[in-house]
Colleague: 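Encoded as structure tokens, here's the structure I'll be asking about.
Each ligand, and each atom within it, is numbered from 1 in the order the structure gives.
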Amino acid sequence: MNKPNIVILGAGYGGMMTTVKLQKSLNINHATITLVNKHDYHYQTTWLHENAAGTLHQDRTRIPIKDVVNMNKVNFVEDTVVSIKPEEKKVKLENGELDYDILVIGLGFEAATFGIPGLEEHAFTIGNINSSRLIREHIEYNFAKYNNEEEKNQGRLNIVVGGGGFTGVEFVGELANRIPELCKEYDIDKALVRIINIEGSPTVLSGFDSQLVEYAMNSLESRGVEFITGAMLKECKPESIVYEKDGKQEEILAFTTVWAAGVRANSIVEASGFETNRGKIEVRSDMRSPEYDDVFVIGDCALVMNEETGKPFPPTAQIAIQESSTVAHNVKVLVEGHDELEAFEPNILGTVASLGNSDAIGVVLGDHKLYGWRATVMKKVIDNRYLLKLGGFGLLTRKGKFNIFY
Ligand code: FAD
């Protein structure tokens, strides 16, 4: 290939790490690297629930792309991808079009609402900086409004979170920390506020060890979180939700419903005509799409099968970051005109879920269980390790989490 055009779509975990690796490993005379992203910043998706609850300001979560990417080596395009035309090797943007020789798709996820009436219109989702900030401001507005109405409306103080998976549980943990502060700020009796988590399975955090789940639920319940498990959310209205449990429907007044029960790959992938499995591109072992030798897929847009379980690996930042090593290596191999691409081999180091700022649960190094402050420390080590890998000590000192014990 004569100075190929490498185009990377999305500056999330997968796209950013691929870009940073390629800017180090490729000579700018040998290839042109273009990174396309909606905004001029990268954000840590795994911190968005903190922004949504208001326990962490969004400026801590976002990282200007120019602080990490060398603009002399990478052509950064701030634009929105509209569609991909793999047959023509083109990407349509809102404000133009790009040609590529090698494409990396890292456009992340969007909420899946499974056709539940009213969810798309009335529920909030934790999807990016803007949607997370909106949740924080909506909760604050309702708290402020509560004392300014003659007839008090309990719906303003009820927060329903749909889904007791990783994101839903981490979010209610942050809310449990934030609500006492908000109550003080807005002269509201803490006992009036309800944080309600609704989960369809018999337990939250399904897939986690049962002892850890019990610990998590006790910790959160002791801080005021209510769990309604084995319950299906049936409808979301502007000021209430309806759920069904044991064949009976119940309605809860709530001006704030946050849907955290499902994600799918960015729909651009399916709409662009790629062959998909559950909305994602089931990649070959070298992370290329099954149909195109010049298209790599990374992160939440890629489906990687776990041979041991016969199920796909869940979409995580951990996997997206690991995939970036394989993708960057294989892109370089193609640029150099070789054809021996390496296979992606996930190395799951563990999973840690935060339960607010000073509590967490996790499993690391195979089956080693962690609770409380040890898990909290581990969570922050994981976060800081990513910053170090992405932007070195400078980025770590600017954005790292060092408030380990409170
Ligand atoms: P993302 O990181 O989502 O990045 C996608 C990028 O593409 C974004 O920059 C976006 O702006 C850009 N983009 C999207 N559409 C367009 C477009 N049309 N045009 C241009 N740019 C576009 N995983 C873990 O491993 N550990 C955790 O603790 C954890 N916690 C989580 C907590 C929350 C609240 C959430 C929501 C997720 C969590 N995850 C966690 C999952 C993890 O965040 C995702 O799996 C990961 O972000 C996927 O990375 P990605 O590179 O595919 O996409």
Colleague: Less than 4.5 Å apart, any side-chain heavy atom of N158 and any of T256?
Modeller: no
Colleague: What I want to check is whether the side chains of N29 and N27 have a donor and an acceptor closer together than 3.5 Å.
Modeller: yes
Colleague: Go through the structure and list residues passing side-chain contact (heavy atoms from CB on, under 4.5 Å) with L205, not counting sequence neighbours.
Modeller: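 Expected list: V169, F208, V213, A216, I361.
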Colleague: One pair to check against side-chain hydrogen bond (donor to acceptor under 3.5 Å, both in side chains): N130 and R133. What are the steps and the verdict?
Modeller: CA-CA 5 Å; N130 288 314; R133 177 176 33 214; 2.3 Å; yes
Colleague: I need the minimum non-hydrogen distance between G362 and L212, along with the two atoms involved.
Modeller: O-CD1, 3.6 Å
Colleague: Is there a donor-acceptor pair under 3.5 Å between the side chain of H122 and the backbone N or O of K237?
Modeller: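 No, H122 side chain to K237 backbone: no donor-acceptor pair under 3.5 Å.
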Colleague: Near ligand 1, which residues have a heavy atom under 4.0 Å away from one of its atoms?
Modeller: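 Within 4.0 Å of ligand 1, protein side: G10, A11, G12, Y13, G14, N37, K38, Y43, T45, T46, H49, D79, T80, V81, G106, L107, G108, F109, I126, F166, T167, E170, N266, I268, G299, D300, P315, T316, A317, Q318, A320, K379.
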